[in-house]
2 protein chains.
Amino acid sequence: MFPLGQRDERHELSDHFLALANVTRLRILERLGEVGEESVNDLAVYLHMSQPRISWHLRMLRVGGVVRTRRDGRQVYCSLDVESLARERARLDELIGIKERMKVRKEVGA
Amino acid sequence: MFPLGQRDERHELSDHFLALANVTRLRILERLGEVGEESVNDLAVYLHMSQPRISWHLRMLRVGGVVRTRRDGRQVYCSLDVESLARERARLDELIGIKERMKVRKEVGA
DNA sequence: TTATCCTATAAAGCAAGCTTTATGTTTCCA
DNA sequence: TGGAAACATAAAGCTTGCTTTATAGGATAA
């Protein structure tokens, strides 16, 4: 009945933006933007928050395609998933971009 | 102690992304992208949802700086707030963009 | 293997988002 | 001026997000 995947597309997109919709998580992203990569515990220390709390937010960020993690020994290092961020951003553009395209068409005169 | 406004900056940013973090609201945005502008009731009819429900989501979208509304007679017409969308996007870039800048510096050889 | 460090997950409780039903407000028309 | 149309807001209830406390899993070192 529907072009397959539209429903899940929107769910993934909303999950992505939900990951960005929290001050604590934005602070994590800001930190990762500064240092590039940091372990879970160091993040917790830096933000003065409990480790389970940070882990919980990191899960939201991972599910939302904002952060990726890499294991090295006992530590888990986190960094921004830049490619995924760009991909989700493009998805939103495609979702709402039709009006923009019409604007451009008008300007171009097509 | 802190550069004034950092706290509220992040709150506004999280409110913005919260506005995008819902399937119903994404469907509203998709519709507005197609038709450019539409009244509240027409949106409700199109999405097969109650009017208060749509009004509630539109409030989230307005607060988040995603949609703006214009009154014409009894109808309220909604459209995408493209400028605000771009502004919030730039804010996120600034928040997490430092790593990117370092990347560029490396490439440039600075 | 045992002990320890680092991280993830579970359970319980509180806070916030979301939906429905009902009602208030504004604008237009008869 | 009364009434209907379009939209917003309020209250109640349900769902989901979030935090804390406790515990389990995985990797290293002794």
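Naming convention: chains lettered A, B, ... in sequence-line order (proteins, then strands); numbering from 1 in each chain. These figures come from a predicted structure and were not determined experimentally.
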5' precedence on DNA chain D between R25(A) and S39(B) (nearest-nucleotide basis)
S39(B)
Atom-pair distance (CG on D42(A); C1' on dC5(C)), nearest Å:
13 Å
Sub-3.5 Å pairs of nitrogen or oxygen atoms, protein against nucleotides 13-15 of chain D:
none

For E38(A) and dT7(C), what is the distance between atoms CD and C1' respectively, to the nearest whole Å?
15 Å
For the atom pair CG (L80(A)) and CD1 (I28(A)), what is the distance rounded to the nearest 0.5 Å?
11.0 Å
Separation of dA5(D) atom P from N41(B) atom CG, nearest Å, is 11 Å
Check this for me: does any side-chain nitrogen of one of E88(B) and R91(B) sit under 4.0 Å from a carboxylate oxygen of the other?
yes
Over how many whole Å does the gap from Q75(B) atom CD to dA8(D) atom P extend?
11 Å
So which atom in C78(A) and which in T69(A) form the shortest heavy-atom distance, rounded to 0.1 Å?
SG-CG2, 3.9 Å
Are side-chain heavy atoms of E9(B) and E94(B) found at a separation under 4.5 Å?
no
The nucleotide from dT7(C), dC18(D), dG17(D) with an atom nearest the side chain of N22(A) is dC18(D)
Using a 4.0 Å heavy-atom cut-off to protein, can you give one letter per nucleotide of nucleotides 25-30 of chain D, 5' to 3': B if the base is in contact, S if only the sugar-phosphate is, - if neither?
--SSS-
Holding to side-chain hydrogen bond (donor to acceptor under 3.5 Å, both in side chains), I want the full list of residues that pass it with T24(A), two or more places apart in sequence or in another chain.
none
Give every donor-acceptor pair under 3.5 Å between a side-chain atom in residues 55-66 of chain A and any protein atom, sequence neighbours left out.
from	atom 1	to	atom 2	distance (Å)
S55(A)	OG	Q51(A)	NE2	3.1
H57(A)	ND1	R25(A)	NH1	3.1

As an exercise, state the distance from CG of N22(B) to CG of D15(A), rounded to the nearest 0.5 Å.
11.0 Å
Give me the atom names and distance for the closest heavy-atom approach of S14(A) to L26(B).
N-CD1, 3.8 Å
G36(A) to S79(A) - nearest heavy-atom pair and separation
O-CB, 3.3 Å
All heavy atoms of E30(B) vs all of I96(A), minimum pair found to be N-CG2, 4.4 Å
Applied to residues 38-47 of chain A, the side chain to side chain donor-acceptor pair (under 3.5 Å) test, sequence neighbours excluded, yields R31(A)-E38(A), S39(A)-D42(A)
Residues within residues 49-62 of chain A bordering DNA chain C, heavy-atom distance below 4.0 Å:
Q51(A), P52(A), S55(A), R59(A), R62(A)
